[in-house]
Amino acid sequence: MAELGRTLSNGEILQLTNIANTNFSEEVYFEVIKQKTAALFEACAVIGAKAGGADRQAVEAARAFGRNVGVIFQIRDDIFDYYQSADLGKPTGNDMAEGKLTLPVLYALNTTGDSQMAALARKVKARNVSAEEIAQLVEFTKNNGGIAYAEQKMAECKALTDGFINQYIAQPQLQDALKAYVSFIIDRNN
């Protein structure tokens with residue numbers, strides 16, 4: 001648990017320092033997730049595996065499973081930021097208003113090379129962006145494959161979780177329950 005606290009603290013520091021970084025890095029985005037949201041899921045999976053008497057290899061596989069579930073959870077949460085819904089509890093573009101660029105917009109920026117949108121993204125990181133400019137970035141992201149790319153990344157992580165479940169979980173009912181859990185995270189609406 002102490003290690004989890006250290007990891008979460010490091011993740012928060014990385015996220016805060018990344019706001020000042022003018023690069024649009026998917027690598028840093030995923031590293032922040034791994035040290036924040038995914039670290040929580042990872043810790044739960046490891047605790048469960050150890051409590052169940054799993055060997056070292058199975059514990060490490062459970063760690064990877066938890067990490068992948070956490071990445072899926074965070075990507076889904078980030079996708080919510082691109083849509084307006086009273087059910088979500090946060091306004092569209094809230095992450096950008098906080099100076100954060102998430103996977104969908106990072107993909108759109110890095111694949112299009114659009115200098116005008118890159119300038120707006122730098123304004124996001126400087127926390128000097130208007131609601132109208134955030135709306136432009138949100139629309140740009142949707143129109144340039146950012147959401148589809150994020151969904152593809154979730155599907156890649158899901159394939160890894162399915163691999164873990166198929167290899168390490170012997171009981172069919174537990175396999176079904178874990179697969180349903182991961183699918184629920186991907187398909188959730190809030």
- Message: Let's go through Met117 and Gln136 carefully: what are the C-alpha distance in whole Å and the side-chain angles of both, what is the deciding distance for side-chain contact (heavy atoms from CB on, under 4.5 Å) to 0.1 Å, and is it a yes or a no?
- Response: CA-CA 8 Å; Met117 291 297 120; Gln136 289 176 9; 4.3 Å; yes

- Task: Please report the C-alpha distance between Ser130 and Glu133 in whole Å, then the side-chain angles of each, then the deciding distance to 0.1 Å, and finally whether the side-chain contact (heavy atoms from CB on, under 4.5 Å) criterion is met.
- Result: CA-CA 5 Å; Ser130 70; Glu133 290 168 324; 3.2 Å; yes

- Could you go step by step and tell me if Leu103 and Met154 meet the side-chain contact (heavy atoms from CB on, under 4.5 Å) rule? CA-CA 11 Å; Leu103 184 61; Met154 286 191 304; over 6 Å; no

- Message: Applying side-chain contact (heavy atoms from CB on, under 4.5 Å) to Ile186 and Phe73, what does each step give before you reach the verdict?
- Response: CA-CA 7 Å; Ile186 291 171; Phe73 184 92; over 6 Å; no

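Ala177 is linked by a side chain to side chain contact (heavy atoms under 4.5 Å, CB included) to nothing, counting only residues two or more places apart in sequence or in another chain. Gln171 meets the side chain to side chain contact (heavy atoms under 4.5 Å, CB included) test with Ile169, Leu174; sequence neighbours excluded. Taking Thr112 as the reference, nothing meets the side-chain hydrogen bond (donor to acceptor under 3.5 Å, both in side chains) condition, with sequence neighbours excluded. Under the side-chain hydrogen bond (donor to acceptor under 3.5 Å, both in side chains) criterion, Gln116 pairs with no residue, sequence neighbours left out. With sequence neighbours excluded, the residues satisfying side-chain hydrogen bond (donor to acceptor under 3.5 Å, both in side chains) with Asn166 are Lys179. In this view, Tyr181 and Phe41, Val69, Ile185 satisfy the side chain to side chain contact (heavy atoms under 4.5 Å, CB included) rule, not counting sequence neighbours. Remark: Ala61 pairs with Phe164, Tyr168 by the side chain to side chain contact (heavy atoms under 4.5 Å, CB included) rule, at least two apart or across chains. Residues satisfying the salt bridge (Lys or Arg N to Asp or Glu O under 4.0 Å) criterion with Arg63, sequence neighbours excluded, are Glu42, Glu60.
In this structure, Ile75 and Tyr29 have side chains that are in contact, with non-hydrogen atoms separated by less than 4.5 Å. Between Val138 and Met96, the closest side-chain pair of non-hydrogen atoms falls below 4.5 Å. Contact check for Ile79 versus Ile147: side-chain heavy atoms found under the 4.5 Å cut-off.
Considering every non-hydrogen atom in both Ala45 and Ala62, the closest pair reads CB-O, 3.2 Å. Of all non-hydrogen atoms in Lys142 and Tyr82, the two that sit nearest each other are CE-O, 2.7 Å. Between Ala108 and Asn144, the closest heavy-atom pair is CB-CB, 4.0 Å. The two residues Ala121 and Leu101 make their nearest non-hydrogen contact at CB-CD1, 3.9 Å. Minimum heavy-atom separation, Cys157 to Ile72: CB-CG1, 3.5 Å.
Listed by first and then second residue, the salt bridge (charged side-chain N to carboxylate O under 4.0 Å, His left out) pairs that reach into residues 45-57 come to none, sequence neighbours excluded. Residue pairs that meet the salt bridge (charged side-chain N to carboxylate O under 4.0 Å, His left out) test with at least one member in residues 144-172, sequence neighbours left out, are Lys153-Glu156, Lys158-Asp162. Among residues at least two apart or in separate chains, ring pair (Phe, Tyr, Trp, His ring centres under 6.0 Å) pairs with a member in residues 113-160 are Tyr107-Tyr149.
Note that CD1 of Ile134 and CG of Leu120 are 9.5 Å apart. Values are rounded to the nearest 0.5 Å. For the atom pair Leu109 CG and Glu26 CD, the distance stands at 10.5 Å (nearest 0.5 Å). Distance check: Lys34 NZ to Asn68 CG gives 8.5 Å after rounding to the nearest 0.5 Å. Once rounded to the nearest 0.5 Å, the distance linking SG of Cys44 with CZ of Phe65 reads 11.0 Å.
Under a 3.5 Å cut-off, the side chain of Arg67 and the backbone N or O of Ala39 do not form any donor-acceptor pair. Without hydrogens or angle criteria, Asn110 side chain to Phe24 main chain gives a donor-acceptor distance under 3.5 Å. A distance-only check finds a donor-acceptor pair linking the side chain of Thr141 to the backbone of Leu137 [under 3.5 Å]. The backbone N or O of Lys100 lies less than 3.5 Å from no partner atom in the side chain of Asp95, so there is not a single donor-acceptor pair.
Connectivity analysis of hydrophobic side chains (ILVMFWY, heavy atoms under 4.5 Å, direct or indirect) links Leu160 to nothing; its cluster partners are none.
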